[in-house]
Amino acid sequence: MYNIAIDGPAGAGKSTIAKLVAKKLGYIYVDTGSMYRTLALACIRAGVSAEEKDKVVDVCNSVQVSLEYVEGNQVVRLNGEDVSGYIRNEEVGNMTSAIAVYEPVREILVKMQQKIATEQNLVMDGRDIGSVVLPNANLKIYLTASVETRAQRRYKELVEKGVDCDINEIEKDIEDRDYRDMHREVSPLTQTEDAILVDSSNMTIDEVVEKIISYV
Ligand code: DC
C-alpha cells in the first residue's frame, strides 16, 4: 500500500489539498479530524461533559465509528447513521479539541486509521499522522502557511459567508490554537524529521497539489 501522511496546523489547507491529491492518484482520502468530531458528537448526544474523562471514554468505547466512500467522498457514520452534516460546527469543534487529549480516545481511532492504511492506498490528514499513526508512511508532508496567510484565508471565507469578523481576532485565535495543538501532552503537532515541509503561503492550491504529486 502507498500511504501519504499530511500534518500541519489548522487553516493550512490540509483537507483541500489532501482531497485533491487523493483524487489525482485514485487513492482514498481519510479525514481523521472528522473521526474525532464524530466521537465528540456522540459525547454531546450522551449528555457527557468533556471534563468527565471516564464517561467520555465509556461513550467512545460503546459507539461505532465507520467510514464509507460515496463517489470518492468520505462519509462518516456513528452507529450506522451518516453524521457528516452534524460535525462541522463550533459546539462539536470545541468538544473535539477537549476530548482529543485523552489517550484512550485517541487509541480507538489510531487503531482504526492504522487498519485502513494496511488495506488501501490513501492520503490521510491530521495532526499526528506522520508521528504516531503512520510512522512508516511512504511520504510525509508537513503543510503549513504563515499565521497572516491563514488568517486572511479564514477572513475571506467568513466574509463570503456574510459573517461579520475582525482579522486581528482571527489571527489571535489561530495563534492560540497553534499553541494548544503544539504543546498538548498527548500526540502534539510536530514536524517529524522525515517529513517534507511545504509552506503554502505564496502558493496556489494547484501548485501545492503538483508539488506533492512530484514527490510521489
Ligand atoms: O482538522 P479538524 O479541525 O477537523 O480537527 C478537529 C479537532 O480534532 C482539532 O481540535 C484537532 C483534533 N485532531 C487530532 O487531535 N488529531 C487528529 N489526527 C485530527 C484532529
Side-chain angles (χ1 to χ4, degrees), residues 3-22 28-44 49-51 53 56-57 59-60 63 65 67 73-78 83-117 122-135 137 140-145 147 150-151 153-154 157-158 170 173-192 195 200:
N3 295 158
I4 302 174
I6 303 185
D7 291 296
K14 291 189 299 292
S15 61
T16 305
I17 300 296
K19 216 179 276 177
L20 288 169
V21 170
I28 61 163
Y29 162 53
V30 179
D31 166 7
T32 62
S34 73
M35 298 168 82
Y36 285 92
R37 287 171 180 271
T38 300
L39 287 183
L41 178 69
C43 292
I44 292 170
S49 78
E51 295 73 43
K53 180 179 175 185
V56 166
V57 173
V59 170
C60 294
V63 298
V65 176
L67 300 183
N73 294 316
Q74 175 181 297
V75 169
V76 58
R77 292 185 183 274
L78 174 60
V83 292
S84 315
Y86 302 113
I87 57 175
R88 306 251 148 232
N89 57 57
E90 274 307 293
E91 188 192 11
V92 172
N94 290 333
M95 184 64 142
T96 308
S97 66
I99 68 162
V101 303
Y102 297 142
E103 186 65 50
V105 171
R106 304 197 67 85
E107 226 169 82
I108 299 168
L109 297 182
V110 168
K111 271 194 200 136
M112 257 188 86
Q113 291 154 7
Q114 288 173 333
K115 182 164 182 289
I116 302 169
L122 53 77
V123 182
M124 188 180 283
D125 77 354
R127 306 293 189 286
D128 59 339
I129 311 306
S131 58
V132 176
V133 182
L134 306 176
K140 296 183 188 177
I141 302 290
Y142 188 82
L143 183 65
T144 189
V147 172
R150 288 185 282 140
R153 288 177 186 161
R154 181 82 185 129
E157 212 176 82
L158 289 170
I170 295 176
D173 278 354
I174 288 178
E175 278 169 355
D176 289 350
R177 186 122 73 104
D178 282 359
Y179 188 88
R180 274 205 306 274
D181 281 352
M182 292 172 188
H183 292 86
R184 70 178 179 209
E185 233 164 84
V186 191
S187 305
L189 171 65
T190 56
Q191 183 191 343
T192 58
S200 71

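Whatever order the structure lists ligands and atoms in, that order sets their numbers, starting from 1. Position 1 is the first residue of the sequence, and the numbers go up from there. Quick note: numbers below take in every heavy atom, side chains included, and nothing from hydrogens, waters or symmetry partners. These numbers come from a predicted model, not from an experiment.
For atom 1 (O) of ligand 1, the nearest protein heavy atom (residue, atom name, distance) is Arg127 NH1, 3.2 Å. Ranking the protein heavy atoms by distance from atom 16 (N) of ligand 1 puts Arg106 NH2, 3.0 Å first.
Contact annotation: for Arg37 versus ligand 1, heavy atoms closer than 4.0 Å belong to the side chain alone. At a heavy-atom cutoff of 4.0 Å, ligand 1 is contacted by no atom of Lys14, backbone or side chain.
Checked against a 3.5 angstrom limit, the closest N/O atoms of Asp125 and ligand 1 fall outside it. Here's the thing with Ser34: none of its N/O atoms is less than 3.5 angstrom from an N/O atom of ligand 1. Considering backbone and side-chain N/O atoms, Asp181 never comes within less than 3.5 Å of an N/O atom of ligand 1. Among the atoms of Thr96, none of the N or O lies under 3.5 angstrom from an N or O of ligand 1. The shortest N or O to N or O distance between Arg177 and ligand 1 is not below 3.5 Å. Annotation: Tyr36 places no N or O atom under 3.5 Å from an N or O atom of ligand 1; distance criterion only.
Of all atoms in ligand 1, numbered sequentially from 1 with element shown, those under 4.0 Å from a heavy atom of Ala100 are 15 (O). Residue contact check: Arg184 has heavy atoms under 4.0 Å from atoms 14 (C), 15 (O) of ligand 1. For ligand 1 and Thr32, the ligand atoms under 4.0 Å from any heavy atom of the residue are 17 (C), 18 (N), 19 (C).
A salt bridge does not link Glu103 to Arg106: none of the charged nitrogens lies less than 4.0 Å from a carboxylate oxygen. Arg184 and Asp128 are not joined by a salt bridge, as no carboxylate oxygen comes within less than 4.0 angstrom of a charged side-chain nitrogen.
Looking only at distances, a side-chain donor or acceptor of Arg37 sits under 3.5 Å from a matching main-chain atom of Ile87. Under a 3.5 Å cut-off, the side chain of Lys140 and the backbone N or O of Pro135 do form a donor-acceptor pair. Looking at Lys14, its side chain does come within 3.5 Å of a backbone N or O of Gly8 through a donor-acceptor pair.
By heavy-atom distance, the residue among Gly33, Ser97, Ser15 lying nearest atom 10 (O) of ligand 1 is Ser97.
Contact between Arg88 and ligand 1 is present, with at least one heavy atom of the residue lying under 4.0 Å from the ligand. Not a single heavy atom of Met124 sits under 4.0 Å from any atom of ligand 1.
Counting heavy atoms from C-beta on, the side chains of Ile170 and Leu158 come closer than 4.5 Å. When side chains are defined from C-beta on, Val30 counts as touching Gln74, because their heavy atoms get closer than 4.5 Å.
In this structure, Arg177 places its CZ atom where only 12 or fewer heavy-atom neighbours from other residues, nucleotides or ligands lie under 6.0 Å away. The environment of Tyr86 atom OH is sparse: at most 12 non-hydrogen atoms of other residues, nucleotides or ligands sit within 6.0 angstrom.
Rounding to the nearest 0.5 angstrom, the gap separating the CG atom in Leu134 from the CG atom in Leu122 is 6.5 Å.
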